[in-house]
Each structure stands twice: as structure tokens, then as C-alpha cells.
Amino acid sequence: MSGPDGGAAGGGPGEAGNGVPIVEIEDLKTYFPIRTGILRRLAGYVRAVDGVSFEIRRGEVFGLVGESGCGKTTLGRTLLRLQRPTGGVARLEGRNVLEFRGRDLRKMRRRMQIIFQDPVGSLNPRMPVSDIIGEGLLAQADVENRWGERKVRDKRVGDYLEEVGLRRDYARRYPHEFSGGQRQRIGIARALALDPEFIFADEPVSALDVSIQSQILNLLLDLRDRHDLTYLFVAHNLSVIQYISDRVGVMYLGKLVELSPVAELYANPRHPYTIALLSAVPDPDPRVRKKRIVLTGDVPSPAAPPPGCRFHTRCWLREQLGDPEECATIDPPFREIGGGHRVACHFAERIREEVSTAAVIGVEEPPGVPGGADPISQAS
Amino acid sequence: MSIAQLEMPAQSAIVSRGLWRDAARRLRRNRAGMVGLVLIALFVFVAIAAPLIAPYGPNVGRIQDKFLPPSPEHLLGTDLQGRDLLSRILFGARSSLYVGLLSVSIGFGVGVTYGALAGFIGGWIDFWAMRFVDIVLAMPGLLLTIAIVVWLGPGLDRIAFAIAVGNMPIFARIVRSSILALKESDFVLAARSMGASSPRILLAHVLPNALTPVIVQATLTLATAIIDAAGLQFLGFGDQDPGIPEWGAMLTDTFRYIQAGATFTALFPGMAIVISVLGFNLLGDGLRESLDPRLKR
């Protein structure tokens with residue numbers, strides 16, 4: 001459904017990105033075996049990523065959202081070959097990265113880098129910053145770049161520290177001497193030092209103070225412009241995604257359920273899961289009274305995903321439509337509905353009229369604002 | 001950023017050059033560690049220079065001089081056969097340190113390598129490697145050691161080896177458990193994503209973070225190794241030449257004579273053991289602290 005040409009052609013050029021795909025993922029699957037007992041017998045698979053297809057265009061920020069455990073991180077790590085893939089294709093500039101082996105793989109790694117969520121655990125506590133950032137240079141050293149030489153390496157480490165807004169001489173310090181925001185900048189410098197084309201940013205601001213988050217987000221956007229980077233950006237925070245992304249993919253239980261340019265997604269979401277997610281975002285204006293669609297029940301186990309549409313067990317739309325049969329039997333195709341907007345729901349066309357009446361099911365008043373009362377007079 | 005630039009005083013004159021050199025620098029500033037190092041250096045010197053500094057030969061003595069209390073002629077007194085205790089302790093440093101260091105080096109080297117590889121490789125290799133460790137650990141320590149010495153025959157080398165075999169699984173276990181946790185950490189993933197090879201990841205990223213507990217264990221083991229060696233000597237598995245002094249043997253030989261009022265014959269060899277073990281413990285503590293940049297003062 002989202003071939004290398006088909007998907008990209010449908011959307012036209014995004015806000016950033018010239019429409020040329022740099023990363024193309026087709027039917028990517030990553031399963032984790034479940035082993036039980038002393039004989040470690042195979043009892044099944046956790047389908048962390050279960051048939052995901054999309055492309056990321058050169059120069060864009062592709063945001064990926066979804067609740068914990070839906071496979072966002074596994075998807076990114078599989079793409080970076082940090083996790084063994086179960087099946088599918090992932091191309092970087094036309095070459096399937098899942099087929100690289102040995103030396104070729106290590107050389108290829110230079111082009112795709114990762115920024116981690118945890119600014120503490122992602123830096124080796126026993127290495128000075130110079131070695132943390134220089135590690136990649138050392139690993140990728142060759143005759144041409146002369147990164148094997150300490151001086152060349154140290155110069156480059158210093159350059160990239162400055163690039164991310166830190167002082168050159170921080171190179172001699174150890175990670176524990178820095179604040180969370182500074183550590184995250186070191187992690188960014190480490191990813192940048194190899195001059196990659198593509199960066200997987202795995203919730204890079206989730207662990208930071210709100211005041212630092214915007215600094216880091218703006219730094220990432222600056223760096224994209226200066227170094228022609230492309231990001232796959234994972235986050236929980238929908239406002240962060242809205243701010244930084246050009247296009248957004250929504251994941252649920254190992255699959256993409258919706259993909260769209262960011263403005264379109266926030267203005268016109270078409271998947272019931274996306275609508276529920278967006279309804280949970282608080283509005284900064286306290287007088288705005290929002291309907292919240294509260295999903296009931298737990299996320300089903302990715303080891304035994306529900307048949308048909310994976311979301312049907314918690315879907316408010318399905319209930320509202322009177323439990324149509326196809327929801328529980330037919331896995332909805334991930335189809336284009338115009339304007340580069342793709343969605344995996346049988347009833348995406350009818351959803352807008354249904355949202356207005358969604359008040360019938362699972363809608364909650366915003367907390368702390370009793371019906372009709374003026375919230376401002378209450379705030380005193 | 002400006003806040004961070006304000007802190008950090010002038011110590012920045014030192015340029016960091018990797019974990020090991022930084023650790024060596026921190027060790028030099030670690031007072032307890034340096035005391036330990038000096039103590040160990042002292043004993044090593046004594047062991048090497050024993051023939052030059054000992055007032056008497058280790059086996060020189062007249063039977064009528066037995067159990068002489070400390071005096072200007074015999075600073076630490078004499079033993080049952082009238083031999084000078086100080087001289088025997090000085091010479092004894094050789095075999096005691098030899099057994100201790102050799103057994104801990106073998107046990108540490110083999111055990112850490114074994115545990116690190118098992119934990120890092122994982123899977124079936126790890127599973128069976130650890131079952132083997134379980135088997136060795138299931139046997140009573142001293143019994144295992146004795147069995148090995150009986151099998152190999154008596155001698156200091158054999159004693160050291162036998163003690164090492166008993167200690168290997170302990171080192172292997174400790175290292176493996178640290179490595180299991182570390183190899184899943186983000187910084188290891190980062191190193192992999194940058195193209196670092198597996199040996200490089202193990203040696204430069206995982207192992208340095210896993211060594212702290214085993215280093216402490218090694219210094220503790222050194223103490224018990226000297227005492228175990230003494231036990232084996234006492235049981236007759238040591239060097240067959242009774243003339244070669246060894247602290248543990250001296251300690252155990254003389255326990256019978258304490259009643260005779262010659263307490264010092266057991267006290268002084270015991271003190272030698274305690275002081276050398278203390279030296280190793282202090283050094284081990286210092287090493288542990290200097291290998292952790294977070295504890296820098």
C-alpha cells in the first residue's frame with residue numbers, strides 16, 4: 001500500500017522535506033520470542049512491530065506517537081539495526097539496511113544515529129566526554145578522515161560540543177558533572193559527530209524539565225537545517241510532536257493506524273484512536289471546555305493481538321456504530337484518503353459526523369470545572 | 001549553560017585522557033589507597049630483599065635459644081627451635097605473598113574472563129557456563145582445594161592454583177551479573193550504533209563498569225588465600241622442605257606453644273598477615289574509588 005513511489009507521491013511536498021524519501025519501510029516486523037521453563041521452550045512471540053510501512057522524506061521531522069509499549073522505540077531500533085528484525089524491508093537511500101552484515105554494517109551505521117531518552121543511562125559514567133563523543137570517530141576512523149589520530153578526533157569533539165551549545169573544554173569532564181539538559185546536548189553531539197543523514201530521536205525531551213525541553217527542540221531543528229538532517233522523532237507528548245514534526249504517524253499495538261501531515265492530523269484526525277489521544281491534550285485556556293474521549297480497558301497484549309482491527313476492543317466508534325462485524329474480523333487496510341493522509345479504519349469517512357455525537361460514550365467533563373460555572377471566579 | 005560555566009573551579013588544568021590514566025591520577029590523590037600501596041610495596045621489597053635485611057638466616061637457631069622473648073638480639077624473639085622470628089617473617093613474606101598474589105591473579109584473570117564472556121555472549125553459552133560454575137560452587141571450598149592439591153601433588157604453586165580454582169567461580173559470578181545489566185544499557189547501544197565492535201564494547205564500555213565489585217572481592221580473597229594456604233601447609237600439602245618459612249605455617253605451627261607463654265610466636269606472624277591483608281584491602285578500596293569518576297573529590 002505504501003510502496004516506495006506510491007505513498008510519497010500522494011502527499012506532495014510537505015512543509016519541509018522535498019518529497020524524496022530517504023527512509024522507506026515496508027512491512028517491517030520485529031517479534032520477540034517468549035521462552036518459558038527451564039528448557040526455554042518457545043511459547044510465542046511478542047509482536048512489538050507487526051507490519052509497518054511508511055517512508056520518511058529527506059529533511060523532514062517524522063513524528064511517531066502512541067502509548068507506552070506500542071512499538072515506537074522497537075521500530076526505530078530495528079531500523080538502526082540495534083534490534084534484530086523479523087521481517088520486512090527498511091531502505092536507507094534505496095539500500096535495504098536489514099541486509100547489511102559485518103564490516104558493511106559497521107560502516108553503514110555512521111549514516112544513522114540515535115538520541116536517547118535517558119540522559120543519565122545513555123552516557124558511560126566512566127568515560128570523559130571526549131571519549132564518549134570520540135568513540136564513534138574511533139570506530140569509523142579511516143585513512144581519509146584520520147579520526148584514528150587523537151588530535152584530529154579531539155578537534156572534532158570540540159567543534160561538535162560548540163555546535164550543540166557547550167564549551168570545548170567540557171570534553172575533559174565526566175557525565176556526572178553535567179545537568180540533564182547538558183547531558184542531552186552531549187548525546188546530540190555524539191550522534192552528530194559522525195555526520196549522519198538520519199537521526200532516530202527516541203523521546204529526546206521526555207526526561208527533561210519543561211523549560212529545557214524547548215531549548216533542546218529548537219536545537220534539534222537548528223541542527224536539522226545546518227546539517228541537512230532527517231529525524232524520526234518519537235514522543236509521548238502531543239504538543240511536542242505538533243511543534244517539531246512535519247508529518248506524524250500514530251502507532252497502536254505494533255501497527256501504524258494513521259499517518260498525515262501534522263496540521264491535517266491535528267485539525268482533521270480520522271482514526272478513533274487518534275481522536276481519543278488528541279482529546280486528552282489539555283487546552284491552555286481554562287475556559288475552553290473539552291470533550292474527552294476516555295478509552296476503557298487495557299491495551300491488549302502484543303503477544304496475542306485481537307483479530308480484525310487491533311483497536312476494536314477499545315474502540316468508541318465501533319460501539320457507536322453498533323458493533324459492525326468487519327471491525328472484529330477484517331484487519332483494516334492502511335489506505336490513502338487524500339492529501340497524504342493515510343488511515344487504517346473501516347469507517348474513516350464517517351468519523352467526523354460521529355465525533356459530534358460521541359458525547360454519548362465515555363465523555364468526561366474536564367476535572368475541576370463544574371458545569372456552567374465560570375472557572376475564573378473559581379480560581380481565587 | 002551560563003550557570004554551569006560559573007561553577008567548576010580551576011581544576012580544569014588537568015586534561016582527561018581516558019579512564020585508566022584518570023584513575024591512576026585519582027589513585028595518587030587517594031590517601032587510603034596510597035597507604036595500601038606503600039604497605040604492599042614494603043612487603044614486596046621485604047620479600048625480595050629478605051637475605052639482605054634479615055639479621056639471621058631463616059633456619060639458623062640453637063635449640064637452647066627456644067622461645068626467647070623479644071630482645072635487642074632477637075627483635076621479635078625466637079621460635080621452638082630457637083630461630084629468629086623476625087628473620088623468618090621477612091623470609092616468609094616470599095612464599096605468603098607468592099601464594100596470595102598468584103592464586104588471586106589466576107582466579108581473577110580466569111574468573112573475570114570466563115564470567116565476562118559468558119554474560120556478554122549470553123544465550124546457551126551463558127546458560128551452560130553458569131551451570132558449570134554452579135557445580136564448582138556446590139562443592140565445599142576447602143575440600144575442593146584439597147582434592148586438587150592431592151591430585152596435583154604438594155608444592156606452593158599447586159596450592160596457589162588449587163585456591164585459585166576455588167575462587168574462580170566467585171569472580172565469574174560477580175562479573176557476569178554486572179555485565180548482564182550493563183550490556184543492555186543505553187550507552188552500550190550507543191556505542192554499537194556508532195559502529196564499535198563487540199570486543200571494543202566489552203573491553204572499553206562494559207568491563208570497566210563491571211570491575212568495581214570484583215576488585216573489592218579480589219582484595220578480600222587475597223586475605224583468605226593467604227590463610228587458606230596456611231591451612232594447607234598445616235595439613236602438609238605445602239613445600240616439603242620445612243625450612244622454607246611461610247606465615248600461615250608459622251602461625252599454625254606455634255599455636256601449641258601459646259600455653260607455654262610464648263604468645264609472640266603466633267602474634268607476630270599473625271600481625272604480618274593482618275598488615276599485608278590490610279594493605280591489599282586499602283589498595284582495593286582506593287582502586288574502587290578511583291575507578292569511579294563520580295566519587296572524585
Side-chain angles (χ1 to χ4, degrees), chain A residues 38 40 77 80-83 103 105-110 112-133 135-140 150 154 165-167 169-179 181-182 185 187 190-191 193-194 196 200 202 215, chain B residues 1-23 25-26 122-124 126-128 131 181-182 184-201 203-212 288 290-296:
Chain A
I38 195 162
R40 315 239 304 140
R77 291 187 175 184
L80 261 62
R81 290 297 305 275
L82 296 170
Q83 189 69 61
R103 234 183 102 78
L105 175 61
R106 284 180 49 203
K107 284 282 164 207
M108 185 275 297
R109 290 192 181 284
R110 214 186 131 169
M112 308 196 293
Q113 285 297 303
I114 181 169
I115 298 171
F116 292 93
Q117 171 181 9
D118 175 12
V120 177
S122 60
L123 305 179
N124 186 340
R126 282 157 209 270
M127 271 195 176
V129 170
S130 57
D131 287 359
I132 289 173
I133 300 176
E135 181 68 23
L137 301 174
L138 199 61
Q140 301 287 348
R150 184 99 224 180
D154 282 353
L166 297 172
R167 273 167 38 185
D169 59 319
Y170 283 4
R172 69 175 65 104
R173 297 191 188 163
Y174 284 86
H176 71 276
E177 299 173 58
F178 296 94
S179 70
Q182 288 175 317
R185 285 171 193 265
R190 168 174 64 189
L194 289 175
F200 168 41
D202 190 2
Q215 286 180 18
Chain B
M1 293 307 97
S2 57
I3 294 168
Q5 283 172 3
L6 289 177
E7 71 191 31
M8 306 309 298
Q11 55 106 273
S12 47
I14 311 130
V15 177
S16 163
R17 278 292 165 256
L19 171 71
W20 300 107
R21 279 192 232 177
D22 282 355
R25 199 183 69 234
R26 281 190 292 268
W124 286 102
D126 177 45
F127 181 83
W128 289 110
R131 293 300 74 74
L182 286 165
E184 304 294 335
S185 64
D186 280 354
F187 65 79
V188 166
L189 213 56
R192 198 171 289 288
S193 84
M194 293 186 290
S197 64
S198 288
R200 165 84 190 163
I201 288 175
L203 293 175
H205 295 268
V206 177
L207 209 49
N209 284 291
L211 281 184
T212 302
R288 184 179 60 76
S290 49
L291 276 171
D292 190 346
R294 283 163 293 191
L295 296 175
K296 182 160 69 178

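All chains are named by letter (A, B, ...) in the order of the sequence lines, taking the proteins before the strands, and each is independently numbered beginning at 1.
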Side chain, backbone, both or neither of B/Arg192 within contact of chain A (heavy atoms, under 4.5 Å): both

Counterpart residues, side chain to side chain contact (heavy atoms under 4.5 Å, CB included), relative to A/Pro119 (two or more places apart): A/Arg183, A/Gln184, A/Ala207, A/Leu208

Residue A/Leu123 versus chain B: region with a heavy atom under 4.5 Å: backbone

Proximity breakdown for B/Leu291 and chain A, heavy-atom pairs closer than 4.5 Å: both

Heavy-atom proximity to chain A below 4.5 Å, by part of B/Thr212: side chain

Heavy-atom check, side chain of A/Arg126 versus side chain of B/Leu211, under 4.5 Å: no

Nearest heavy atoms of A/Pro125 and B/Phe187, plus distance in Å: CD-CE2, 3.8 Å

Heavy atoms of other groups near B/Arg131 CZ, more than 12 under 6.0 Å: yes

Max heavy-atom pair count under 4.5 Å with chain B, selected residue of A/Gln140, A/Gln113, A/Arg77: A/Gln113

For A/Asp118, side chain to side chain donor-acceptor pair (under 3.5 Å) partners two or more places apart: none

Contact origin within A/Met112 toward chain B - heavy atom pairs under 4.5 Å: backbone

For the student: nearest non-hydrogen atoms of A/Ile114 and B/Ser193, plus distance: CG2-OG, 3.5 Å

Rounded distance [0.5 Å steps], CG in B/Asp186 versus CG in A/Leu82: 10.0 Å

Top contributor to chain B interface from A/Phe178, A/Phe200, A/Phe116 [non-hydrogen pairs under 4.5 Å]: A/Phe116

Closest non-hydrogen atom pair between A/Arg106 and B/Ser197, with its separation: NH1-CB, 3.7 Å

Distance-minimising heavy-atom pair for A/Glu135 and B/Ala196: OE2-CB, 3.8 Å

Contact class of A/Leu105 relative to chain B, heavy atoms under 4.5 angstrom: neither

